[in-house]
Structure formats: structure tokens, C-alpha cells
Amino acid sequence: MRPEALNPLFAEVTTLEGVGPKLMKPLEKLGLTRVKDVAYHLPERFVSRQAIADLDSGSEGEQVIVALTAIEHRAPRAGSRGPYRVLAQDAVGNVCTLTWFGKAAYSAKKLVPVGEKRWVAGRLDRYGDMLQIVHPDHIEAESAANMGRLSEPVYRLSDGLTQPRIADFVRQSLNRLPALPEWIEPGQLERAGWPAWADALRLGHETTDAKALDRLAYDELLANSLALLLVKAEGRRRKGQALAGDGSLRAKLQLPFALTGAQARSIAEIAGDMAQEAPMLRLLQGDVGAGKTVVALNAMLIAVESGKQAALLAPTEILARQHFETLRKMLGPTGVEIALLTGRAKGRERESILMGLMDGSIQMLVGTHAIFQDTVNYRDLGLVVIDEQHRFGVAQRLALAAKGRRAPHTLAMTATPIPRSLTLAQYGEMDVSRLDELPPGRQAIDTRVVPQERMDEVVAGVERHLASGQQAYWVCPMVREIDGVPDLADIAAAEARYAALKERFGEAVVLVHGQLRPEVKDAAMERFASGQARLLVATTVIEVGVDVPSATLMVIEQAERFGLAQLHQLRGRVGRGAEKSTCLLLRGSALSETGRARLALMRETQDGFRIAEEDLALRGGGELLGTRQSGEAAFRIANLEQMQRLLPIAHGDARLLMDRDGGLTSPRGEAARLLLYLFERDWGVQLLRGG
Ligand code: ADP
Ligand code: MG
């Protein structure tokens, strides 16, 4: 049970004044469901603004405050996805447009009634030859006194929220911070000169105080390290089962290839772990196409040879299906019973799988998170394999592990090349096997950077490619979000590109993006995987794991808008078969320095680990490998730069605390428990109580 001291922080957001049912959704979208989440919703940045007399005195890109009077409202045509625009005039008659996308448009009417003067604060941009302000940050009546304020926080928003609203909620949350005991070691606190927890939070909303922000980041890293260490300690304590396997099933495998040295070594490492009673906790790290599946298969066979069951967890329905097909083919001569369980299995089909798992007739299971729902019971689960593990939290992994009568062995696989300096944050002290050698016969992917203007040539190239009987991917920029509203222009771009290519190639083209219903998406994917469709137009949903060896051309539009890690993952979709593959990176004309550097690096190397290191260097304090986009970022406060600098310290401190007080019962241990709850690493604490 959560300690009482934290109750004010864990109160629902609806207990904040002004949060009704209507605002719950937008807050939830930002991950803000409790008071503590709001208190930790630190500003993205601060802006300084000057009130300007008229639009002539503001320049493009500048944050301004200006008095405007609305002269005309232009609502989008019914059924169109266009924005809501308001034409407004300044004191000397200059006209500009105020623009709202999505649901935010509903408020526009009331905010700027025609004929009334308002203070409008926001970023002055140009749209065609008109000045415009998109989603103004503030609109206040003419009489408002505070509009001249110079520096103010800018928070990440979602559709339906405004800056003043969220600022008010933040203020209320900060007023409710309870007094908590200090969890940071006094020596560390003093050395670093950090403020106390509550002060650090308050400062974090007022200024870019480095000490305050460092303290908050350290807290998060400390919580993470502690939780991972608790898992490790639990793993050591909990009994597993030694699974040696007699090799009988593995001997029956008829693989169309010989294992690489790296695969053989990884399998040996895994077999060594599984033969021990202590549960394995191993990470298999290997670039896309390195051949992780067959390693997983060997591990799963060891479990089955030992009379146990093995489960493979995939991050998406599509991948689960693909793994299932691949494994079933490879298993052919072994006679092993394998089943697929996803959220879509219903009724009789589902019942029979559940029965088979319970009576042990199903020996291997592949599926999405549906495979560890409460209703799924295994007769004797010996091994859990988790593919693309960064999509799942450690908490879920433990939920799955708890299913076995004795702790099953765990093998996590990832193609995300994480820089060495960050593996600790992501994976704690897991043992690591690395597939650092690609299967033989792989040819380097011919990577070229092509200006977007040469589109016609590119399309002609695709045509030749398809005519030769091969397949191709065409990726459009990711679906970006403006204030929580998916950038309609992006979706439109993918859809428009699809329409244009369809005109040319007809039924051979399919479209996949994140806004489609899952069935529609899967159907399109399957048409492509089976070879019926030849060209797949997509946003980044194809990023993870999809394997179509005869797809040998990858076109990436506006490649400069993608992160390096993402480009690398995307490119990894081709170059999987024996044929030579090509990757065309189309670039826009306005290329930034970083954009240029990224594309150059992509041309130069295919080494995922090197790309990851350079990505880190190029981004500085940015996000970790796009995890934030997936909405499942492990870290909400600490940025990359802080992770590199503070993680070694936090991890060392966590170890020290665990060494002295593994049960977290000393005063500082008790305080640390609060921290684990605060950062939702309480699965760590739960383990303590279980023991
Ligand atoms: P990963 O999951 O690591 O991205 P896969 O397991 O999907 O990679 O393997 C990629 C492709 O390489 C598959 O088509 C697989 O059959 C093939 N492959 C795997 N190991 C070898 C090997 N040792 N020799 C040749 N081909 C291999
Ligand atoms: Mg894979």
C-alpha cells in the first residue's frame, strides 16, 4: 500500500479546482492523471515577450504580445479538416490571421469576438504573404494587467488545454506538496548544492535553475536504479529451475543456413544461464537483421526439451503474427506445438488456446501482451522471450515472470542500439549478449541522398524496381503533433503520396499509418508481406521488426525530419535477403547543419552502435531514441545529457543504499520507498513486501 504521506500527491487531477470531466481527457493525454504528475509537468521552455505597439514592430519567429481586434471569422468548410482562422487587425490597420487546428477551434469564437480588442500573445509567423499566430498562448481582455510580463513558462499542451489553464493547475499542485523526508544522501546533496525536493519543484516552474532541474532528474534516476537493483536482488533470491535440455529437438531443426559465430556464442551463453537454477535475466542486443529470432528459437527449444513451456512476447499484433509464422516454419520437423494468442483471439479459439496452455499440450506461445492477462495460465512456463523490449516496462516483465510456479528465465531482445553510456539506465545490470556480426552474404545497403526535387526520377526508379519483381517501401515523415493534435499536413502528405503512387501503380500499392484501424492496417501489411502488394507507403509504423526479404528498396521522404536512430531502424527493413538493397533519402531544400550531418552519417555507416553514439552526440540534451514518441518513455524528467552525467552517481548511490539497507527499513530507506512510489517504480517495493 502506498504510504499515506503521498496521498495529496496521488489525488486525482479532478480534485484540482477547474478540472471537470471535459479537461480530464486532455490532461490524461499528457500523462497527467494525478496531482503529482501536474507538479512534475515542468515547462518545456520559458519565453520572454515584449508588448509591441503594432505588427510592424514585430518580426517573424518572435514571441510577441500585441493588441488585436477581430474583423472576421473563417470557419473551415463542413467536413473539411482545415483550420479555423480569424482575421484580426492591429492599431494601425495591419491584418494578421489567428489560426487554430482541431478541437482548439471551438474556443476561438468566444476568445476573439468580432469587433472587440484583445491582447494576443504568441509566436509571429508568416503563412503565404500573411502574418499569422498559430494557437496563441494567451488571449486576454484589453484590461488585463499582467500582459506585459517578461518571462513565463510554456508548458506542453494537448488539444483542449491552454497555457493559463495548465499554469493554474500547476500552481494548485505546488500548493499541495507535502513535507517529505530527504532521500538523497546528505554528502551528495551538499556536494552538489541541490535544493530540497519541494523547493526544487517550485524552482523548476519558475526558472531554468540548473541545480533544481538536476536534483529532480537525479531523483528519477535514483528511483530507476533502485528499482532495477531490487529486481536483481529478487531474481537472486527467487528460485528458478535449471533447464539443460537434451538437445533432441534442436537436433531436428533444419535451418537453411549455418549459425554465425555471434549467434552460436549467444546461444551458448543463454544455454549456460538456463542450466542454472537462478532465473536468467539476459538481454540479446543485435542490430536489425542480425538474426535474433533463431537465437530465441534455440532458447525456447531448450525449455521445451526440458518439459517446460516457452512464451514469446511481441510488441505488436503484426510482429506477433510474423514471429508465429517464422517459428512455425522452422519448427516443422520437430513436432513442437506452437500457438498464437493476441487480443483478437475470441470465443472458442481463445478457449482452446487457454486450455492447451493449462494442460501443457501447447508448448510454445507467441503473442502480444494478451499472453500475460490474468486469465492466461500456463502449466509450467520455463522461459519468457520479450522482443523489442524497450516497448515494455520492467513491471510488465515481472507480471509475466510471476506466472510460473517458479520464476521463469527471461530473455529480452532489442534492436535499438543503445549507447554504452545509457545501457545501465535502460536495462540495469542485466547480462548482455551482443550479436555484433551480421549473417554472411549481406551486402551493404546502397544509401543515397537525393534532393526532393528529383521526385520524378525517384518514382521512375521505383517503377523499374517493381517491374523487376521486387518490392519497395515508401516512408513519409512521421505523424507529428502540434499541441497534441496530429499534424494533419503529415497525414495528408502520406495519403496524398499514396494517392499519387496508386495512380501510377494501381492495386500494387498499399497504405499503412497510425491513424488507421488495426484491422485495416494489418490487412494492408499482410498483403505486402505475402507479396500481393508490391509497394508499401507508410509512416513510421513499420519501424519495428517487420521482415519482408524481397523488399529491397526503401525511399524515405524528407529524411532530414527523422532522427538518426529512426532512420537506421527504417533502413534496416531492407537488406534482409540476398539481393542488393538500396535506400534513398530524399531531402528538402532547407537543410540544417544537424540534418546534413545526420544524412551524411547514414551514407557513411550501417553500424547501429556507431549511429547510436553519434546520435547522442548530435542531440546533446535531447530525448532518448525517440522513446517519448512511443508514449512509453522510461524517463519523464531526466534528459539525455543529465542521464550521462548523473546516472553513474545515482546508480552508485543506489547500490550503496542497497548494500547497507537492502530491505529499505532505515529512515533513508523509508524515504527512498516514497521516491519509488513517486516515480512509479513501486514494483520494486512490491518485491520487497513479497519477500
Ligand atoms: P532480427 O530479428 O535480429 O532483426 P531476424 O531474426 O529476423 O533478425 O533475421 C533476419 C533474416 O536473416 C531472416 O530472414 C533470417 O532467416 C536470416 N538469418 C538469420 N540468421 C542467419 C544466418 N546465420 N545466416 C543466414 N541468414 C540468417
Ligand atoms: Mg526481430
Side-chain angles (χ1 to χ4, degrees), residues 250 253-270 282-301 311-332 340 364 366-368 384-392 411-418 432-445 470-471 473 525 528-531 541-552 554 565-566 568-581 606-609 611-612:
R250 280 171 284 168
L253 276 185
Q254 288 164 4
L255 296 176
F257 48 74
L259 295 177
T260 64
Q263 284 170 325
R265 195 186 59 234
S266 300
I267 293 170
E269 285 165 354
I270 291 164
R282 184 170 283 276
L283 179 70
L284 178 64
Q285 219 179 355
D287 225 329
V288 275
K292 293 183 288 296
T293 316
V294 69
V295 176
L297 173 66
N298 274 273
M300 292 169 89
L301 283 175
L312 188 152
L313 174 65
T316 65
E317 187 100 23
I318 295 172
L319 282 174
R321 214 165 279 278
Q322 194 161 61
H323 272 310
F324 173 69
E325 293 301 340
T326 311
L327 294 179
R328 193 165 61 167
K329 260 186 232 138
M330 290 202 268
L331 282 171
L340 173 71
M364 282 189 189
V366 177
T368 53
V384 176
V385 181
I386 302 173
D387 195 21
E388 298 304 342
Q389 102 112 32
H390 61 289
R391 298 256 167 141
F392 297 96
L411 176 68
M413 309 198 287
T414 180
T416 308
I418 293 197
V432 177
S433 296
R434 275 192 169 196
L435 291 182
D436 48 11
E437 176 189 354
L438 288 181
R442 290 288 157 79
Q443 305 180 38
I445 298 167
Q470 301 178 76
Q471 290 171 283
Y473 295 102
M525 263 337 283
F528 185 69
S530 68
V541 289
I542 58 161
E543 204 182 318
V544 180
V546 175
D547 187 19
V548 182
S550 64
T552 48
M554 166 70 63
Q566 235 176 350
H568 178 65
Q569 295 269 333
L570 285 171
R571 181 170 59 182
R573 298 301 115 224
V574 297
R576 304 202 132 208
E579 296 291 331
K580 174 126 188 113
S581 288
Q606 239 163 281
D607 176 347
F609 291 105
I611 289 175

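Note that the structure is a prediction, hence the values are computed from the model and not measured. Both counts, for ligands and for their atoms, begin at 1 and track the order of listing.
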ask   = Taking 4.0 angstrom as the limit, do K329 and E325 come out as a salt bridge?
value = no
Do you see a donor-acceptor pair shorter than 3.5 Å between the side chains of T552 and E579?
no
- Query: Any luck finding a side-chain donor-acceptor pair between Q471 and S550 under 3.5 Å?
  - Reply: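 Looking only at side-chain atoms, S550 and Q471 do form a donor-acceptor pair, the distance falling under 3.5 Å.
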With a 4.0 Å cut-off on heavy atoms, is [X] in contact with ligand 1?
X: G289; answer: yes
X: D287; answer: yes
X: G572; answer: no
X: A290; answer: yes

Just jot down the ligand 1 atoms closer than 4.0 angstrom to any heavy atom of [X], in number order.
X: T293; value: 2 (O), 5 (P), 6 (O), 7 (O)
X: A258; value: 22 (C), 23 (N), 24 (N)
X: T260; value: 23 (N)

L297 CG to T326 OG1 distance, which is reported to the nearest 0.5 Å:
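These two atoms lie 10.0 Å from each other.
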query: For the atom pair CG (D607) and CG (D287), what is the distance rounded to the nearest 0.5 Å?
result: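 The distance works out to 7.0 Å.
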Within the 4.0 Å heavy-atom cut-off, what M413 brings close to ligand 1 is neither
Using a 4.5 Å cut-off on heavy atoms from C-beta on, say whether the side chain of V294 contacts that of L255. yes
- Would you indicate whether the side-chain heavy atoms of D436 and R265 approach each other to under 4.5 Å?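 Yes. Closest side-chain heavy atoms under 4.5 Å.
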Could you tell me whether some N/O pair between G291 and ligand 1 is separated by less than 3.5 angstrom?
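Between G291 and ligand 1, an N or O pair is found under 3.5 Å apart.
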